[in-house]
Amino acid sequence: MKITVIAVGKIKERYFTGAIEEYAKRLSRFCRLDIVEVADEKTPDGAGAAQELKIREREGARILQKLPAGSYVIALAIDGKQPDSVELSRQMERWNVGGISHLTFLIGGSLGLSPEVLDRADERLSFSRMTFPHQLMRVILLEQIYRSYMIRSGAPYHK
């Protein structure tokens, strides 16, 4: 399986970079992983709703340009399905068995994903109703993908 993660913004902290590199290395035995970063927009202090929407739309246009053709698109969104780790593992297996060979996960910037990106997604996934920094979300996503593979392989990692 091929997995692409398209994320808004660059990783600035070394501890996030290290964790991402570690999970990418672990995942290399299960899938081909590609992480694509798109530029984020600066959000001025006191930005209004209309200005925030424009920012999400500009970031969203960049995401949509990078979508791999034919991939199944999963947007990380607070209003998405909230599976536990075992359910996510089963869902990834169903996608694979169902003929989906390329998953693309989308992580928005600090303001989230644009309506256009959410509309384009085949599915929405939420890890919590809480808000996480988008840089940390990359680590959480990769860890859960890795955990899914470990669950499917029967490894003790999940315990």
Side-chain angles (χ1 to χ4, degrees), residues 3-27 31 33-68 71-92 94-95 100 102-151 157-159:
I3 295 177
T4 300
V5 175
I6 301 175
V8 174
K10 293 195 177 294
I11 299 295
K12 297 174 180 107
E13 286 81 9
R14 290 182 65 180
Y15 51 89
F16 287 140
T17 303
I20 290 165
E21 289 170 355
E22 177 62 26
Y23 284 112
K25 183 174 95 177
R26 291 180 186 194
L27 282 166
C31 66
L33 176 67
D34 188 22
I35 299 175
V36 178
E37 293 180 339
V38 298
D40 59 347
E41 296 281 324
K42 298 247 187 246
T43 304
D45 291 337
Q51 192 172 17
E52 288 184 356
L53 178 60
K54 287 288 186 199
I55 291 169
R56 283 196 310 274
E57 287 173 346
R58 284 192 292 269
E59 291 174 345
R62 293 180 190 125
I63 290 171
L64 293 172
Q65 287 178 335
K66 298 292 185 178
L67 283 180
S71 70
Y72 190 82
V73 178
I74 302 121
L76 273 56
I78 203 161
D79 65 344
K81 295 175 188 172
Q82 290 187 12
D84 63 24
S85 295
V86 172
E87 291 166 341
L88 179 61
S89 175
R90 289 181 185 142
Q91 180 60 54
M92 289 185 65
R94 282 191 296 273
W95 286 326
I100 295 171
H102 190 173
L103 299 175
T104 298
F105 292 89
L106 308 178
I107 303 173
S110 60
L111 299 176
L113 294 165
S114 71
E116 295 81 9
V117 170
L118 292 171
D119 288 344
R120 168 55 188 90
D122 296 302
E123 205 163 315
R124 294 182 191 186
L125 177 66
S126 174
F127 285 88
S128 172
R129 290 188 347 230
M130 292 184 266
T131 302
F132 296 104
H134 58 281
Q135 295 182 58
L136 177 59
M137 200 60 236
R138 281 193 228 180
V139 176
I140 293 170
L141 172 63
L142 293 178
E143 191 281 332
Q144 285 299 302
I145 293 170
Y146 176 70
R147 183 176 296 273
S148 291
Y149 280 109
M150 297 308 290
I151 290 168
Y157 177 84
H158 180 59
K159 302 294 179 201

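- Below 30°, between 30° and 60°, or above 60°: for Trp95 and Phe105 the angle between ring planes is above 60°, a perpendicular geometry.
- For the pair Leu67/Leu106, a side-chain contact is recorded, criterion being any heavy-atom separation below 4.5 Å from C-beta on.
- Of all heavy-atom pairs spanning Arg129 and Ile78, the tightest one is O-CD1, 2.8 Å.
- The two residues Lys12 and Asp40 come nearest to each other via the heavy atoms NZ-OD2, 4.4 Å.
- Taking 4.5 Å as the limit, every side-chain heavy atom of Leu53 sits out of range of all side-chain heavy atoms of Ser114.
- Looking at heavy atoms from C-beta onward, Thr104 lies out of side-chain contact with Tyr72 at the 4.5 angstrom threshold.
- Under the 4.5 Å side-chain criterion, counting only non-hydrogen atoms from C-beta, Arg26 is not in contact with Leu142.
- Side-chain contact, Gln91 with Arg94: a donor N or O sits under 3.5 Å from an acceptor N or O.
- At least one side-chain heavy atom of Leu64 sits under 4.5 Å from a side-chain heavy atom of Val117.
- Using a 4.0 Å cut-off between a side-chain N of Lys or Arg and a carboxylate O of Asp or Glu, Glu116 and Arg120 do not qualify as a salt bridge.
- Classified by interplanar angle (parallel below 30°, tilted 30° to 60°, perpendicular above 60°), the ring pair Tyr146/Tyr157 is perpendicular.
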Going through the distances and angles, do Ser85 and Gln144 end up as a side chain to side chain donor-acceptor pair (under 3.5 Å)?
CA-CA 7 Å; Ser85 295; Gln144 285 299 302; 2.7 Å; yes
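- Looking at Glu21 and Lys25, no side-chain N of the basic residue comes within less than 4.0 Å of a carboxylate O on the acidic one, giving no salt bridge.
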Evaluate His134 against Ser110 for side chain to side chain donor-acceptor pair (under 3.5 Å), listing each step before the verdict.
CA-CA 6 Å; His134 58 281; Ser110 60; 5.2 Å; no
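- Between Val8 and Ala39, the closest heavy-atom pair is CG1-O, 4.1 Å.
- There is no side-chain donor-acceptor pair under 3.5 Å between Ser148 and Ser89.
- A side-chain donor-acceptor contact under 3.5 Å links Ser126 to the backbone of Ser128.
- Checked options Thr4, Val5, Ile20, Ile145; the residue passing with Leu33 is Val5 (criterion: side-chain contact (heavy atoms from CB on, under 4.5 Å)).
- No more than 12 heavy-atom neighbours from other residues, nucleotides or ligands sit within 6.0 angstrom of CZ on Arg14.
- Looking at Lys54, Arg58, Arg56 one by one, the single match for salt bridge (charged side-chain N to carboxylate O under 4.0 Å, His left out) with Glu41 turns out to be Arg58.
- Residues Pro68 and Ile6 approach most closely at CD-CD1, 4.2 Å, considering heavy atoms.
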